[in-house]
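Report on the following structure.
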Amino acid sequence: MGIADIDLAMISDRPANITDTNSIAEREHYAKWERSNRLCLMAMKRSISEHLLGGLPETNDAREFFAAVGERYQVSSNAEAGSLMSELTGLRYDGLGGVREHILRMVHLQSKLRA
């Protein structure tokens, strides 16, 4: 998004509303910010499934929407650690594959737990 100046709405605050007294530079900045905001919102909303969008607040600000998504869908590291631990403790050699692959899988799970 940074290549085409699309990330302007994500890295800068919303400019003040345009009035008759604003300069041309301020009007151009506001237009660029508005375009960037629309494109960022469109990109984020298209990358999220329809059924998940229903639980998010309707906003016209890309930064607010991004913050709402971050708050709503945080991943718990404890849940991931518990899942990895149960997978590691339940892992048994089935005799079909090689012992080396089984040991490598166990080492891989253990390294994920340490990280």
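All residue numbers refer to positions in the sequence shown, counting from 1. Worth saying up front: this structure is predicted, and the values here are computed from it rather than measured.
Residues forming a side chain to side chain donor-acceptor pair (under 3.5 Å) with Asn17 (at least two apart in sequence, or on another chain): none. Considering only residues two or more places apart in sequence or on other chains, Phe66 meets the side chain to side chain contact (heavy atoms under 4.5 Å, CB included) condition with Met10, Met44. For Ser83, there are no side chain to side chain donor-acceptor pair (under 3.5 Å) partners two or more places apart in sequence or in a different chain. In this structure, the side chain to side chain contact (heavy atoms under 4.5 Å, CB included) partners of Thr89, at least two apart in sequence or on a different chain, are Met85. By the side chain to side chain contact (heavy atoms under 4.5 Å, CB included) test, Ser47 pairs with no residue at all, sequence neighbours left out.
Counting all heavy atoms, side chain and backbone alike, Ala16 lies closest to Tyr30 at O-CD1, 3.6 Å. Smallest separation of non-hydrogen atoms from Ala68 and Leu56: O-CD2, 4.2 Å. Minimum interatomic distance between Asn37 and Ala62 (heavy atoms only, all atoms of both residues): OD1-N, 2.7 Å. For Ala9 against Ser36, the heavy-atom pair with the smallest separation is N-OG, 2.9 Å. Taking both residues in full, the closest heavy atoms of Trp33 and Asp13 are given as NE1-O, 3.6 Å, listed atom of the first, atom of the second, then distance.
Side-chain contact between Leu113 and Gln110 is absent, with no heavy-atom pair separated by less than 4.5 Å. At a threshold of 4.5 Å between non-hydrogen side-chain atoms, the residues Leu8 and His29 count as touching.
Within the hydrophobic cluster formed by Ile, Leu, Val, Met, Phe, Trp and Tyr side chains joined at under 4.5 Å, directly or through other members, Ile24 stands alone, with no partner residue. Side-chain heavy-atom separations under 4.5 angstrom define the hydrophobic clusters, and the remaining members of the one that includes Tyr93 are Val99, Ile103, Val107.
A distance of 11.5 Å separates CZ in Arg63 from CZ in Arg14, rounded to the nearest 0.5 Å. The distance from the CG atom of Leu91 to the CG atom of Leu88 is 6.5 Å, given to the nearest 0.5 Å.
Listed by first and then second residue, the salt bridge (Lys or Arg N to Asp or Glu O under 4.0 Å) pairs involving residues 41-53 are Lys45-Glu58 (not counting sequence neighbours). Within the structure, the salt bridge (Lys or Arg N to Asp or Glu O under 4.0 Å) test picks out the following pairs touching residues 83-111 (sequence neighbours left out): Glu87-Arg105. Pairs passing the salt bridge (Lys or Arg N to Asp or Glu O under 4.0 Å) check and including a residue from residues 17-30, sequence neighbours excluded, do not occur.
Although no hydrogens or angles enter the test, the distance criterion places no donor-acceptor pair under 3.5 Å between the side chain of Thr59 and the main chain of Phe65.
Note on Leu41 and Ile48: same hydrophobic cluster, where clusters join Ile, Leu, Val, Met, Phe, Trp and Tyr whose side-chain heavy atoms are under 4.5 Å apart, directly or indirectly.
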